[in-house]
Structure formats: C-alpha cells, structure tokens
*Asks:* 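Input: one structure, supplied below.
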Amino acid sequence: MATAKRLTNANVTMREVEILALIAHHLTNAEIADTLLISKRTVETHVSTLLRKLGHRDRRSLARYAESTPGLLAGTRRDRAMPAMTTAFIGRAAERAQLRSSLTGHRLVTAVGPGGIGKTRLALSVAGDLAGDFEDGAWFVDLAQITDSRLVTRTIADAVGVPDNNTGSTEHALIAALAARESLLVLDNCEHLLDAIRGCVQQILLDCPDVRVLATSRSRLLISSEWTVPVPPLSSDDGVALFRDRTAATGAQKRLDEDRVAALCDALHGSALAIELAAARYPAMGLDGLEAGLADRLRFFSVGPDGTDRHHSLLSAIGWSYDLLTPLEQALLRRTALFTSWFDVDAASVVAGYENNTGAVVDGLARLAEKSLVVVDRGTPVRYRSLETIRQYGVHQLDASGEKDDTRRRYLHWCQAMVQVLDEAPRNDSWRDRFDRVTNDVATALDWAEGLDESTCDRSEMGIRYADLLFTRGNLSQAQNRYEQAATRSASHKGRIGCLRQAAGVAATRFAGDDALQLLAASANLAELAGDFDGAARDLATMGMYIVRTPGIMATFHPIAEAKDLVARADALHPGSADAQAAIAVARDFGNAKAISETVDAVELAQQSEDPFLVSAALDRLTMIRLANHELTEAMDVANRRVQQLAKEPVTAALGYELGDALLMASDTALAAGDLNAAASHADALARLPFYQGENHIGVSRLITVDAFAGHFDRVVANGELFRVGWERAGRPAAAALCQAAYAVSTVHGMQGDDDRRAFWADLTIATGIEPHQMDRWGRGWAPIFDAMLALHKGDAQTAVERLVVDIDDPDVFRPSAGVPSGQWITGARWRPWYAAMWAEAAVLADLPIAERRLDRATDAVRGNPIAQTIIDRGAAILRGQHDRLPQIAATFARLRCPYQEARTRALSGRA
C-alpha cells in the first residue's frame, strides 16, 4: 500500500508497519506477537524503535498517530486479509481470464453457480491476481455465517475495518471509509441475503467511485449495473488435474487411470468440492471403491433442473463422504455443525454429548480435519470450524437423525454457560477476545430458541444478558436490537417494560434520541396497562427530560411544549413512589435557569430515591443552573460530584448516557473555569469509556479544544487528524457539540501560518453541523473567541475588536430567560469568561479610549476563571505601562498550565 511505502521511506521497516497497524487497533504486545507469530520481546523491541523513529513519547501517542495515518487503519487489519489457500488452485484458466477481464470493464461482477462448484476459490484466485492493481488492495467478506439481513452492512464494515458505529449510521461510516479508496471488495456467499446486499452494494457503487465489487452467489444480485459471469462445472481436464493434485497430497503413489478419473469427475458434475472429497477417500477406497460408491449414490444426482433442493449435487458428494466416516466421526460432524464460529474440544465435547469422553472427541476432530471436513486453527487452544457447505450438510443430517432437539438443547445450554462466564469475568482485553469468539453462536442460539418453550431455555433472560455484554463490548446498535427482542420474548409486563427501558438507555447512549423517546413511550403504555402508574410516570418524565436536556441527540425537533405536556401527563397519574416523584421534579421546568430552589429540591428528591440515573440528571440540571448564573466554581464542584457518584456505579445500558454526558459536562465546565488540566482529564476519561471506544473523535474533540487554549498546538494538529478520521469513519455525523473542536483546529493552523489547512478545517466545521450565519456575531461563543485569538496572535488587535462586538452583559446572550432552551443560555455561560478577557485585552492592544472601562467590567465577568483573570491583569499592566510585571504574569500562566499565554506574555514584554 502507499501508506506502507511512505513509512518505509521514512526508515520504518515493513515489519514495523505491520506492528504499527496493530497498535492502531489497540492490540497488546502479546496479541501482536500472537498475530504475527513472533515473540513478545521482539514486539517490545519494535515498539521502542517506532517510538524513537516517529518521535512519540508514549504508546498512546503512537496509537493515535497510527489511527490518523491514511490507509493504515483499515488497510492492514487482520480480518481484512484475503484468506490463504492451503492447497493449490487448479485449472479454470478461461474462467479466471474472463473474470479478470470482466472486472476491468465493470464495477460489479457476480460469479454465479451452484453450491460446491468452486466459486469461492475462483474469486479468491482472481482477487489475488488483481489485488496489486488496486492502491488499497482487496477485502474479503464471508457472508455465509450471517443469518440476519440487518447485519450485512455491519459485517462488511467489520471486514473493511470500520468499528461499531455508536453515534451515526453504519452504512454512512462504511461509505465514508471506502469513498476515497481504490480497492476490490469480494463478497462471498450472497445468495441468502440478496435484498440487504443489493441495497448496500448499490450505495457503494454510487458513492465510492474507485471501489469494484466481486460477488459470489447462487443467483444474480439483480442490480442494473451487474455483470454476471456463470461459473461452469470443471472441465474434464481440470477435474482430472484437481483429482491428481489432491490425491498426491495424501501420499498416494499409484499411477492414476486418467480416463477412469475423467469419468468419475464427469459423474460428479464437475463439482470441485465433490471431486476434492472423492480424492480424500482415494487412499482408502481406490478407484474401484469410488466407482462402486458412485453406482449406489447416483440417485442423489438424479434430480434435474426442476429439483427443489439447492444442495442436491453438493449433498450427494458430501453424503457419500459422510457415509464413509465412523459412527463417532459422523456424530461429531453433524452435532458440531451447530457451531457457526470456531469451537474448541471442550465446546465440542459438551454440545456433541461426549463430556466424559474428551479423548475420543480429540481423536475424532483430528480425523475430520485430516479428511478436510473441518478446518483447524492450531492456536492455543486448538480450534475447529466446519466449512459452511459442510456445516449445512451436518445440520441436514442432524434433522434426519432425530438428535436435533437434544443437540440444540446442549448447544443452548453451552451458549448460556458462555454468557454467564463472560458476564462474571473481569472486563479486559482477553474478555473482549473471548466475547468475539462466541458472539455469533450466542446470537444463533437465541434465534433458534424462538420455537422452544421457556422450560427448555429462558430466552428472555439469556437475551438480556447477551444484550448487556453487547453494550459493554461497544456494539450499541446490536445491544439495542437484542433488548427490544428480549422485550418481545418476555412473558410478563414487568419483563417487557424492563427490556424496553434498557433499550431506551442504549439508544440515548448512541445519540439515537428519537428511538429513546419511542421506546420509553412504549414502556409507559405497558406500565399504565399493567397498573404501574409510578413506572409510567417515571417514563413520561424521563421523555420530557430528554427533550429539554438533549436536543442534540434528536433527529427531529421536539418543542419545549411537548416536554411540558409529558411532565403534566406524568403528574396526572398521581405517582406515589419516590423515584417517580423525583423524576417529575427533575423534569419539571428543566429549562428554566431561574428555578434555583426547585432544582435544589429536585436534587434532594433524587438522592432520596437512590436512583443513580435520577441523581445524575438532577446534578446535571444543577450544574446548568450554576453555569447560567456564572457560578463557575460551584458549577465545577457539582459536575465533579456527578462524575464521582457515577464512578461508583456499574457500566450499564441504563446509565450509559449519563456516564458519557457527565464527563462531557465536567470537561466543559472545567474549561469554563479555566482548569485546563481537569478539562483534559475528563475528556480523556470520556474517550476511554468502553462503549465509546470506537468513537474516539468524541473524546478527542474536548482534548482539541483544551489544547488549543493551553497552546499545545502540535497535539491539536495530531488529534485533529484523529478527529477527522473518526468523524469520517462514523459517517460524518452532524453534531453541534463537535463544531468547536473543528474550528479550534482551523484556528491553530492559522496561528501556524497554514492558511490552506485553516480553510480546510473551516469548511469541515460547517460540515460538522453549523450554518455559516450561526458563526456571526456571538457565534455560539467559540467562533468569535477563536477568531479573536487568531487576530491577536497575528498582532491585529483592531480585527479582534471588530470580531468581539457583543457586549459582555448582553442579556440576549448571557442572561438566561424562561422558555429559552437550556443549550442556548448554557453556551453563553460557558464561554463568557474567555470572551470577556479577550474583549478587554483587544481594547487595550487597539488603544481604544474605553480600554480601562472594559478592564473594570471584565473583571467581574471572568470571576472563577484564573486564566481569564490573568489575561485581564496582563492587559492592565500593558495599559498602565507596568511592563516589569509581565514576567511575573508569565510565571502565573505557567503555574496555571497555559504555555500559550505564558509565551504570549513574554513576547509582549519583548523577552520571547
């Protein structure tokens, strides 16, 4: 890839490029060693070398650099690599040439043919030939294991290297990841997911002009631009060559009668899989035995084009091999066919019913592997997997054997046990890997359990615990779906209501506010039907709370009147419980910044309820009140208190939004109070929340803003690239909370004299969710502040004065009024100290006659922010000619950890 070449030119070896890519995915040294088959000590040496060569101080900085390097993150993922072919690809010269030629002239080519004909191997061979022609290589996506069409886009995104999208559309994130890439995307086994694949592929073709798609399917995708290449049976010559190669691999020495082999291959309809299975049996049976077996098995090939079983020819080939297995091998093959992912000996022993005969299972799986009926991963522990066609055949045999119900029960119980083990295990990197290994099986087991009674498997309980795990893993959209599914399976109103509330919590956490409202409305309706008026009141009040508190997570506009109506409906239910009354108290007049005593009472009621969600929401309201009344120290104290209280609580779906929002507010409040260290600490904690791990631009956005004020410009630029990569990977979501970070990066580029990058980031600011006119005059606070910072940095005080035209006591900006959305007056409160300091300093440096008056007025506005106060002190010293005070003021900025203002002070004193 081009990225790897650039790093190599920078004296970074290709092995170090591989390690850097895995560091970008936050793998530990042990995991990197396991992936690359090298020692942990060797990895440690390479990491130390990378830190030195690339000039980074620690691993976190190196990981952020790696994530921001174009092409490295998605381009070198382990799951992106084309599967290695362990045996030679034989023949099909004409088909390979036709497929290559088709891909040259068409952006979507589908290789169509019956199961077992060899579509996958052909596609892999051609993709291997062509991968070097694409700057970003090729991706391979195996869709065989996907049974839910809703997961198609997610599966493709995983293969490309796009993490679970928490704050936006997975489809948008996938398109964003592919839009600027030149690559070949191979989609294998499409026939059972045609509708979902059709929509996804059409979008890729529309928005990703340099991506070509090679699909394999048993039927056409039926897209207008599709070019179909039928995959015919192997020719007689190719069939013989394939048989010869595979028998040679078994160690067979006897010369083959090629005429008889050709006849055998013809009888197998040129099915590559059937020929391979026959070759595997040749050492034991010889051609005489194979021919005799054919005579007895040809009935399986007798169904012509009117046959209804799509596996007919493949079933015959596999069934013939299956009948040659020992009873134990047959039982293992059909019973382990339930696994949709890799499984180890212990899992196979439980599901196959041989817990007391593990040795026989070890031997049986080894024999199946030798006969190419299972694939082996010789790791620790050794794991096995059935190829999809073999697995489907095993399930077919399981149905016919009469063992299906018992085996599925054991499979369900094993999945339940895995869920319990994961639920009780500490959450660390190894936990994540263990979860990823079993998640497909748990999902399949839950879907299969749909037809079983609850005495066999508590589907609702298992579904809830699985949803909990998905949430912890950061798969937020899947977690929400599983909670909703568990709600439909629950036998009681109480169970359904609980699941709906959990689903609403996940929706809010991933900023799907409208989903949260709909789920809470459904919960409230069920609660009211069940006579749980307290629960219904709490749900309605929470809906009202979300509307006023979090308009930024809503896809549609919800007026304050809607929130008031919901709270009134909740109150009309006359709830008697402490939590319902507390919820109503917190929600009532949430947007009224003057309701101070009511807010204090709401906090007290919430604390009495001992509900962490309500306590958090009440403290959030109190934080906003303190900010609105310019009580910065008090606001910071309340925000920190909220974070500390939530830190005592487990990470759950119900509290996900509160955990994230508490850190967001704490960071913003600390910035308003001029505590840059605390602001950065809270932003970093936000980025480390497990359910936001894939959305690093959220946390980095706060760090960017803090570093811009502090003067860590190199970090702003580096984190800006991380922000851009994360934002694009998330589907370029429009969220007003992200705009200030983008504009901070633009400002820093301007300070560094890079006007082109400044313009680029100014455009990106607009794209993140703000209209240009919204940045005029007050411009949500941060716009005029950053513009003034840049102007003052360049020595253009007059431009700064002209940009800071809003008076610091303007009531429309800085004084909250009833009926105004909370976000509007909170913005004024948050940015007033910084704005006032620059408003006054600009007047001093521009020699305005009102400079003294501005300094006096600004002193009150910056109260509680020591950095802003020190800027005022500097302006006063300059105005009064007290330049000898500037070194002491510079030292004060250093103590406050604001190196930019320290350096600026020394420059103003002539001692820079």
*Asks:* Who pairs with Val651 by side-chain contact (heavy atoms from CB on, under 4.5 Å), at least two apart in sequence or on another chain?
*Replies:* Phe471, Leu659, Pro690, Phe691

*Asks:* Do Phe613 and Arg538 come within less than 4.5 Å of each other through their side chains, counting heavy atoms only?
*Replies:* yes

*Asks:* Name all residues meeting the side chain to side chain donor-acceptor pair (under 3.5 Å) criterion together with Arg150; count only those two or more places apart in sequence or in a different chain, and write none if there are none.
*Replies:* Asp148

*Asks:* With sequence neighbours left out, write down each residue that passes salt bridge (charged side-chain N to carboxylate O under 4.0 Å, His left out) with Asp207, or none if nothing qualifies.
*Replies:* none

*Asks:* Holding to side chain to side chain donor-acceptor pair (under 3.5 Å), I want the full list of residues that pass it with Thr599, two or more places apart in sequence or in another chain.
*Replies:* Arg621

*Asks:* Can you find a heavy atom in the side chain of Gln480 that is under 4.5 Å from one in the side chain of Leu519?
*Replies:* yes

*Asks:* Are any of the side-chain heavy atoms of Met554 and Thr550 separated by less than 4.5 Å?
*Replies:* yes

*Asks:* Please, which pairs that meet salt bridge (Lys or Arg N to Asp or Glu O under 4.0 Å) have at least one residue in residues 678-687, sequence neighbours excluded?
*Replies:* Arg60-Asp684, Arg64-Asp684, Asp684-Arg688

*Asks:* What do you reckon, is CD of Glu610 surrounded by more than 12 foreign heavy atoms closer than 6.0 Å?
*Replies:* no

*Asks:* Do any pairs count as a salt bridge (Lys or Arg N to Asp or Glu O under 4.0 Å) and have a residue in residues 512-532, sequence neighbours left out, and if so which ones?
*Replies:* Arg510-Asp515

*Asks:* Please enumerate all residues that pass side chain to side chain donor-acceptor pair (under 3.5 Å) together with Asp787, with sequence neighbours excluded.
*Replies:* Tyr743, Arg803

*Asks:* Please round to the nearest 0.5 Å and tell me the distance separating atom CD1 of Ile156 and atom OG1 of Thr170.
*Replies:* 11.5 Å

*Asks:* Is there side-chain contact between Tyr483 and Asp468, with heavy atoms separated by less than 4.5 Å?
*Replies:* yes

*Asks:* Does a salt bridge link Asp810 with Arg832, judged by any charged N lying under 4.0 Å from a carboxylate O?
*Replies:* no

*Asks:* Which residues satisfy the side chain to side chain donor-acceptor pair (under 3.5 Å) test with Asp807, sequence neighbours excluded?
*Replies:* Arg857

*Asks:* Might you point out which heavy atoms bring Thr765 and Ile770 nearest each other, and give the distance in Å?
*Replies:* O-CG2, 3.5 Å

*Asks:* My understanding is that only residues two or more places apart in sequence, or in another chain, count here; which of them pass side-chain contact (heavy atoms from CB on, under 4.5 Å) with Ala580?
*Replies:* Asp534, Ala537, Pro575, Ser577

*Asks:* Which pairs with one or both residues in residues 736-745 pass salt bridge (Lys or Arg N to Asp or Glu O under 4.0 Å), sequence neighbours excluded?
*Replies:* none

*Asks:* Going through the distances and angles, do Ile175 and Gln203 end up as a side-chain contact (heavy atoms from CB on, under 4.5 Å)?
*Replies:* CA-CA 8 Å; Ile175 296 302; Gln203 202 63 45; 4.0 Å; yes

*Asks:* Using the salt bridge (Lys or Arg N to Asp or Glu O under 4.0 Å) rule, collect all pairs that involve residues 647-671, keeping only residues at least two apart or in two chains.
*Replies:* Arg549-Glu658, Arg549-Asp661, Arg642-Glu658, Arg642-Asp661, Asp668-Arg702, Asp668-Arg830

*Asks:* Is it true that a side-chain atom of Ser681 and a backbone atom of Ala678 form a donor plus acceptor pair closer than 3.5 Å?
*Replies:* no

*Asks:* For Tyr466 and Thr439, which I'm curious about, is there any donor-acceptor pair between the side chains at under 3.5 Å?
*Replies:* yes

*Asks:* Applying side-chain contact (heavy atoms from CB on, under 4.5 Å), name anything that partners Ala673, two or more places apart in sequence or on another chain.
*Replies:* Leu632, Met636

*Asks:* Would you say Ile204 and Leu178 make side-chain contact, with heavy atoms under 4.5 Å?
*Replies:* yes

*Asks:* Check the pair Gln581 / Ile584 against side-chain contact (heavy atoms from CB on, under 4.5 Å), numbers first and verdict last.
*Replies:* CA-CA 5 Å; Gln581 291 177 353; Ile584 292 173; 5.8 Å; no

*Asks:* Would you say the side-chain atoms of Gln485 and Arg482 include a donor-acceptor pair closer than 3.5 Å?
*Replies:* yes

